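Worth saying up front: this structure is predicted, and the values here are computed from it rather than measured. We count ligands from 1, going down the list as the structure has it; atoms in each ligand are counted the same way.
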Amino acid sequence: MCNILHLEWTATPKTPPRPILGCSGCGGPQPFRSSGRIRLNANGKRLDAWLIYRCIACDGTWNRPIFERQTIRAIDPAMLDAMQASMPDFVARIEFDALALRAKAGRIEESDDIDMRKAVLRHDADWRRIAITLALPYPTGLRLDRLLAAELPLSRSRLRVLFDRQEIRVEPERKDVLKRGIRDGTLITLDLRDEAERLVVGKAAIGRAAMGG
Ligand SMILES: [Zn+2]
């Protein structure tokens, strides 16, 4: 089929998610921010690793477990070096992993502020369908309808109508997918019947994309 405008959107949050924790220093629930420092603790042949967070109100600490009681020999030496030096790339991968953070902290807050890069994978001259593949370097809890409403000239209620009419389809299929957190590799297909709408949505979907991905 030669009627596709296929884009890849790479969405990277600008700031890491913050855990909301009961702080032993100042009492009430507070956001904590990453200190960027990893602490290692060797116990015989076993190792614990934490990323240190600090309460934004009183500087109280929270140790986010990266792993506990790991056999040292089983740890990749490059990873061990990265942890000992608190290397920024390594730390960022942990800081931005919202799903892993939620599993440890329970409650987290995520910024909707994302850095979006758009690339054209395929641009047929007389395209009718728009396909968008989402690429996410870090797992995020940002809702799909919020992302689409921010990037396309479509309100969340309009997105819902189009989705119900199957003019928008999302793969892999999940229940209530518009309200769920976005996932790496998600494919959104917009088969818009209204030509004027199709053109403005297509233009916004391309954005300032670079050709050739
Ligand atoms: Zn505190």
Heavy atoms of other groups near Arg158 CZ, more than 12 under 6.0 Å: yes
Whether Phe96 and Tyr138 hold their rings parallel, tilted or perpendicular, with breakpoints at 30° and 60°: parallel
Result of checking Arg198, Glu197, Arg193 against Glu195 for side chain to side chain contact (heavy atoms under 4.5 Å, CB included): Arg198
Residues that, via side-chain heavy atoms closer than 4.5 angstrom, fall in one hydrophobic cluster with Leu187: none
Protein N/O/S neighbour count - the Zn ion (ligand 1), strictly under 2.8 Å: 4
Cluster companions of Trp50 among Ile, Leu, Val, Met, Phe, Trp, Tyr (side-chain spacing under 4.5 Å): Ile52
Pair listing, ring-ring contact (aromatic ring centres under 6.0 Å, His included) test, anchored in residues 165-195, at least two apart: none
